[in-house]
Amino acid sequence: MKKILIKVYASMVLLVLLGACQENNVELYDGPSLIHFLETKGNVLIDESNPVITIEVGVTKALDVSRVFDVVVDTDESTAVEGLSFELLTPTVTVDAGEVIAEVQVRGLYTGAEPTGQLLKLSLSSSNTDEVASFQNAYNLELYKFCEFDQMAFVGTFQVVETDYWQNIFEYEVESVVGDDPYSVNITGLWGTSSPVKISFAIDENTCSILNQFFFDDPDAGYDNAWIRSVEDGQYNSCMGSITGLKYFIYPEGSNQGWDLGTFEIKRID
């Protein structure tokens, strides 16, 4: 079983407060203005609406002049094909004078999307290479074809990759059966237990969650009346029978203290 996690949320708040107390000790940035992506990866489901995906870029310091940067598709590493899987709507991106944030936009194309996903890798370029940061200068976007929700896509044997609060990674198999309604399943084996966990699907949002529920009871092992719920919804893909980014919290009923806070990544085994 996992180590006991003491006062997860209180610890997070404490870290924030400690950071605030030290704010006056942080020196202001006085280096060059460098462009970079704010995040380095993302994923999106492509439906028949051909959605537009917005990716934010930023500079380390605002200047009093506008600057234009090139957005480059890495064709060597990308498996998505421009004009077939996506359209790059902003081949250049402008950071206006006095601003530090700008947006890159990509349109996903449903007709060329694949259920198993395609990678689009973008990078930033400038005629003055000194204006491009050496960090977070590439972005990986996974494009997945949208499939209508199918409860049976989430029934069967699944591979779980679990990352706990301490960043330990566990891989194991679980079994899933239909739930008590058309939009849920019960998975047995999560967190190394034999107790079923109900996962509910919100088909309008393409997300799933673990509603607050009893998990298991093992006082001899130090887990007295353990409950489980998600603290961040996961995203599901009916084409692949997969769930990504489902963040869970395991805790004694009625308590803000807990034993673990982590993430489940779940994928059907064909």
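Heads up: numbering here begins at 1 and tracks the sequence.
Scanning both residues, Cys239 and Pro115, for their nearest heavy atoms gives CB-CB, 3.5 Å. Smallest separation of non-hydrogen atoms from Ser78 and Asp74: OG-O, 2.7 Å. Across every non-hydrogen atom of Val132 and Leu124, the tightest pair is CG1-O, 3.8 Å. Considering all non-hydrogen atoms of both residues, Thr116 and Met240 come closest at CA-SD, 3.8 Å. Across all their heavy atoms, Gln118 and Gly112 have their closest contact at OE1-O, 3.3 Å.
In the displayed structure, Lys247 atom NZ is contacted under 6.0 Å by at most 12 heavy atoms of other residues, nucleotides or ligands.
Counting Ile, Leu, Val, Met, Phe, Trp and Tyr side chains that sit under 4.5 Å apart, directly or through other members, Val161 shares a hydrophobic cluster with Ile169.
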Run the numbers on Asp47 and Ser49 for side chain to side chain donor-acceptor pair (under 3.5 Å), then give the verdict. CA-CA 5 Å; Asp47 60 17; Ser49 70; 2.4 Å; yes

For Ser33 and Arg67, what are the C-alpha separation, side-chain angles and deciding distance, and is it a side chain to side chain donor-acceptor pair (under 3.5 Å)? CA-CA 11 Å; Ser33 181; Arg67 290 174 294 164; 2.6 Å; yes

If you apply the rule side chain to side chain donor-acceptor pair (under 3.5 Å), what do you find for Thr207 with Gln235, and how did you get there? CA-CA 4 Å; Thr207 61; Gln235 186 175 60; over 6 Å; no

Between Phe154 and Phe201, does the ring pair (Phe, Tyr, Trp, His ring centres under 6.0 Å) criterion hold? Intermediate values first, please. CA-CA 10 Å; Phe154 301 95; Phe201 297 87; 4.8 Å; yes

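Using the six-membered ring where Trp is involved, Tyr183 and Phe149 have ring planes that are tilted, between 30° and 60° apart.
When each of Asn140, Val57, Asn137, Ile55 is tested with Leu122 by the rule side chain to side chain contact (heavy atoms under 4.5 Å, CB included), just one qualifies, namely Ile55.
Phe215 has its ring centre no less than 6.0 Å from the ring centre of Trp259.
Pairs of residues two or more places apart, or lying in two chains, never qualify as ring-ring contact (aromatic ring centres under 6.0 Å, His included) while including a residue from residues 64-112. Sorted by first and then second residue, the ring-ring contact (aromatic ring centres under 6.0 Å, His included) pairs with a member in residues 116-141 read His36-Phe135, Phe37-Tyr139; sequence neighbours excluded.
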